[in-house]
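What you see is a predicted model; the values in this text were computed from it and never measured. Whatever order the structure lists ligands and atoms in, that order sets their numbers, starting from 1. Heavy-atom basis, side chains included; hydrogens, waters and symmetry copies ignored.
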Amino acid sequence: MKVRALLLGLVAAGLTATAAAADPIVIKFSHVVAQDTPKGKAAEKFKELAEQYTAGAVKVEVYANSTLYKDKEEMEALQLGAVQMLAPSLAKFGPLGVREFEAFDLPYIFNGYDALHKVTKGAVGQQLLAKLEPRGIKGLAYWDNGFKSFSANTPITKPEDLRGKKMRIQSSKVLEEQMRQLRSLPQVMAFSEVYQALQTGVVDGTENPHSNLFTQKMHEVQKHMTLTDHGYLGYAVITNKKFWDGLPADIRAQLDKAMVEATDYANQIALDENDAALQAVRASGRTEIRALSDEERKAFVKALLPVHKKMESRVGAETIKAIYEATGFDPDKL
Ligand code: LMR
């Protein structure tokens, strides 16, 4: 009897050990946009590669569209360890106390993706990610989205057209100043609430890369959009540093590899995804889309460029200078 009990005990212990060995490490990856966006697709790509490279030792659960957490909550959840991975917009790191990322929001600071990549793929980008570490956060990569257009229910061809309008922005002081410079009224709001706020008139307009506008159906509640390309929106993929450092080294190496490849993928698809979304908005016939003439574009540049100087104290003159140097920024060529 005793031997039988002992044997049963050993079998049970063996099963527990097997179950523990088979229990995957779970990475909850939360984000606020639709799956069918550059970020949504890149998160799925990371999941696919991470699970493949670790032969199932890691399971990545992607929660899109704010289904797990909204903007502000997700940052807190990461710090508490309730989620392991996020890719917030660079405009959303101010509340964490890392203001330098808001330099990415400065109007017209990047004259296209090539200039942007000089920063995100270079030393300045790495130095900025390192600023997250004292906050218990590790920056893993930059993922592109794209350049923003202004939208509203009335036509926008000149800066004055946004005067007095309530404009939804992300939680960035630079974006707040950008809107003030246009004499509009900035309203910080979680991404998940924007569609309804536009629909009910809580805000009059907003700014988005086209993939975000289209996948949230904002074009159905915005009659006019102008291709201003006045600012960039992209992401830092971040993880809880304690979690990341605590991973077995071989697993971390495979996840690093998956992240490098998912990042290449993200940055390859971003432009096409945004172009396709623009075509889809056009095809819907719900929003009138305008391009700016050279003259009109210059008026926006003139109105918005003073934001760079005004925000030096917020994001750091050194950060702005480092970006200018990396990209060869020249205000006369805008
Ligand atoms: C927004 O709030 O407009 C964006 O940050 C959403 C996103 O993650 O692209």
- Task: Could you tell me the residue and atom name of the protein heavy atom closest to atom 3 (O) of ligand 1, and the distance to it rounded to 0.1 Å?
- Result: Arg168 NH1, 2.8 Å

- Task: Find all atoms of ligand 1 within a distance of less than 4.0 Å from any non-hydrogen atom belonging to Lys92, and give their numbers and elements.
- Result: 1 (C), 2 (O), 4 (C), 5 (O), 6 (C)

- Considering only heavy atoms from C-beta outward, does the side chain of Phe150 approach that of Met167 to under 4.5 Å? yes

- Task: Verify the ring-centre separation between Tyr108 and Phe329: is it less than 6.0 angstrom?
- Result: no

- dist Ser211:OG -> Glu273:CD (nearest 0.5 Å) comes out at 7.5 Å

- Looking at side-chain heavy atoms only, is the closest gap between Lys70 and Val32 below 4.5 Å? no

- Message: With heavy-atom distances below 4.5 Å as the criterion, would you say the side chains of Val315 and Glu102 are in contact?
- Response: yes

- Note on the structure: Counting from 1 in the order shown, the ligand 1 atoms closer than 4.0 Å to a non-hydrogen atom of Asn212 are 4 (C), 6 (C), 7 (C), 9 (O)

- Name the option, out of Trp143, Phe191, Tyr235, that contains the heavy atom nearest to atom 1 (C) of ligand 1. Phe191

- Query: Quick one: which ligand 1 atoms are inside 4.0 Å of a heavy atom on Ser89?
  - Reply: 5 (O)

- Message: Applying a heavy-atom cut-off of 4.0 Å, say which part of Lys39 lies close to ligand 1: side chain, backbone, both or neither.
- Response: side chain

- Query: At a 4.0 Å cut-off, with the gap strictly under it, does some heavy atom of His31 reach an atom of ligand 1?
  - Reply: no

- Message: If we set the cut-off at 4.0 Å for heavy atoms, which region of Leu233 has an atom near ligand 1: side chain, backbone, both, or neither?
- Response: side chain

- Item | Residue of the set Ile156, Thr226, Asp204 for which side-chain contact (heavy atoms from CB on, under 4.5 Å) holds with Leu162 | Ile156

- Nearest-neighbour protein heavy atom for atom 5 (O) of ligand 1, which is reported as residue plus atom name and distance: Gln170 OE1, 2.6 Å

- Asp144-Tyr113 side chain donor-acceptor pair, cut-off 3.5 Å: no

- Taking the six-membered ring for Trp, are Phe147 and His210 ring centroids under 6.0 Å apart? no

- Task: Return yes or no for this condition: an N or O of Asn145 is under 3.5 Å from an N or O of ligand 1.
- Result: no

- Heavy atom of the protein closest to atom 7 (C) of ligand 1 (residue, atom name, distance): Val33 CG1, 3.3 Å

